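Just below is one structure, and these are the notes that go with it.
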There are 2 protein chains.
Amino acid sequence: MLPGEIKGTRMSNAVSAIERFSRYQFDDSQSVGPVHCPVRDVLDRIGDKWSILMIATLATRPQRFSELHRAIRDISKRMLTQTLRDLERDGLITRHVFPTKPPSVEYRLSPLGQSLLDPMASLVDWADRRYSDIHDARARFDRAPV
Amino acid sequence: MLPGEIKGTRMSNAVSAIERFSRYQFDDSQSVGPVHCPVRDVLDRIGDKWSILMIATLATRPQRFSELHRAIRDISKRMLTQTLRDLERDGLITRHVFPTKPPSVEYRLSPLGQSLLDPMASLVDWADRRYSDIHDARARFDRAPV
DNA sequence: GGGGGCAGGTCTCAAATAAAGACCTCTGTT
DNA sequence: AACAGAGGTCTTTATTTGAGACCTGCCCCC
């Protein structure tokens with residue numbers, strides 16, 4: 001079996017991005033000192049517990065702090081604030097304060113944030129379609145012999 | 001502005017998966033009791049710190065425990081073991097023990113794991129291409145007035 | 001003019017997760 | 001006998017997350 005092949009079938013060529021990613025890793029594994037990989041830098045951020053959910057929620061329309069809190073029932077205010085700050089810092093969402101009484105704050109996706117929707121959608125779609133496979137695999141694993 | 005529109009431009013239709021995702025969320029926000037969303041169930045797992053990196057590393061070829069440890073220098077053995085177990089449990093990778101002395105253990109992507117490569121690649125590609133935008137946004141945010 | 005409510009947070013403290021790195025087992029080798 | 005290497009586990013410590021009390025204007029109601 002040659003490198004670049006798995007089980008005798010050639011890998012999808014959309015996977016070249018992943019090969020580039022692995023190359024960052026490889027270069028890094030050859031060096032000393034702290035790890036530095038731009039892809040990880042980005043994915044570690046949006047890969048936290050709430051970011052993807054937040055972006056998905058804001059995809060349909062801009063929303064206010066308390067709307068978001070109602071939409072994502074099980075996030076604490078603390079994490080809601082922090083996730084919104086982090087996403088704003090990364091330029092994925094923007095924050096707009098309206099001088100109502102009391103003031104209201106609206107969050108919306110920036111163009112950069114919108115550019116994430118397509119790649120995110122393909123991942124969400126995968127998760128949705130493969131959920132039953134994964135669920136079954138878990139059940140099988142959990143009742144396997146110790 | 002109508003629902004389904006952002007800034008007057010119609011959203012990409014690849015985003016329909018995200019709308020379905022949001023609908024899970026919405027249904028959930030109407031109910032009481034614990035949150036249940038299959039998409040979150042899956043994404044929370046592969047969205048941890050190491051899973052995507054592990055799958056990317058295994059995408060090029062099957063690898064052994066210590067090869068993986070060398071490739072991903074900054075993972076602890078504990079998290080390496082745990083991440084591999086979790087991925088195996090979810091059916092994304094398989095584990096093969098060879099009766100060499102001492103025994104060696106090889107991990108490889110299952111077909112289910114391989115099916116994740118395409119969606120993952122589009123995310124990795126996004127991260128790679130948008131890294132500079134995000135980096136700039138962070139710098140701008142960090143020197144903004146308090 | 002005192003009390004209550006609302007929006008959008010912050011703060012403190014406890015609980016859950018992750019990391020570092022010492023240790024273990026089983027050969028095989030010197 | 002001592003050490004080495006593979007593939008882990010175990011213990012201790014640090015980092016993240018969560019729950020929920022509190023804060024700050026400002027308005028309305030009586």
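What you see below is based on every heavy atom in this structure, not just the backbone, and it leaves out hydrogens, waters and symmetry mates. Since we're looking at a predicted model, the values are computed, not measured. The chains referred to below are lettered A, B, ... by the order of the sequence lines, with proteins before strands, and numbering in each begins at 1.
Between atom CG of residue B:L84 and atom OG1 of residue B:T94 there is a gap of 11.0 Å, rounded to the nearest 0.5 Å.
The separation between B:L84 atom CG and D:dT9 atom C1' is 15 Å, rounded to whole Å. Rounded to whole Å, the distance from NE2 on A:H69 to C1' on D:dA19 is 10 Å.
Contacts between residues 73-80 of chain B and DNA chain D, defined by a heavy-atom separation under 4.0 Å, are made by B:K77, B:R78.
Listed by chain and residue number, nothing satisfies the ring-ring contact (aromatic ring centres under 6.0 Å, His included) test with B:H96 (two or more places apart in sequence, or in another chain). Remark: B:Y131 engages B:H135 in a ring-ring contact (aromatic ring centres under 6.0 Å, His included) (not counting sequence neighbours).
A:S122 contributes a side-chain N or O that, together with a main-chain N or O of A:P119, makes up a donor-acceptor pair within less than 3.5 Å.
Here the range on DNA chain C touched by chain A, meaning any atom under 4.0 Å from one of its heavy atoms, is C:dC6 to C:dT12.
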Short N/O separations, protein against nucleotides 2-6 of chain D, under 3.5 angstrom:
from: D:dA6; atom 1: O3'; to: B:R64; atom 2: NH2; distance (Å): 3.4

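Residue A:W50 places at least one side-chain N or O closer than 4.0 Å to OP1 or OP2 of D:dG18.
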Decide yes or no on side-chain hydrogen bond (donor to acceptor under 3.5 Å, both in side chains) for B:D86 and B:T83, but give the supporting numbers first. CA-CA 5 Å; B:D86 288 345; B:T83 304; 5.9 Å; no

Given the rule in the side-chain contact (heavy atoms from CB on, under 4.5 Å) test, do A:W50 and A:L80 qualify, once you have shown the distances and angles that lead to the verdict? CA-CA 8 Å; A:W50 302 111; A:L80 180 54; over 6 Å; no

Checking A:E67 against A:R61 for the salt bridge (charged side-chain N to carboxylate O under 4.0 Å, His left out) test, could you report, in this order, the C-alpha distance in whole Å, the side-chain angles of both residues, the deciding distance, and whether it holds? CA-CA 11 Å; A:E67 286 182 291; A:R61 61 186 163 82; 3.1 Å; yes

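As judged by a 4.0 angstrom heavy-atom cut-off over every strand, A:F98 is placed among residues making no nucleic acid contact.
Along DNA chain D, the nucleotide closest to A:K49 and the one closest to B:R85 are compared, and the more 5′ of them pairs with B:R85.
Here the shortest heavy-atom pairing between A:A59 and A:L109 reads CA-CD1, 3.9 Å. The minimum heavy-atom distance between A:D90 and A:L112, with the atom names listed, is O-CD2, 3.7 Å.
Within the structure, every pair that satisfies the salt bridge (charged side-chain N to carboxylate O under 4.0 Å, His left out) test and touches residues 70-84 of chain B, not counting sequence neighbours, is listed here: A:D28-B:R73, A:R40-B:D74.
By the neighbour-count criterion of 12 heavy atoms within 6.0 Å, atom CZ of A:R85 is densely surrounded, having more than that number from other residues, nucleotides or ligands.
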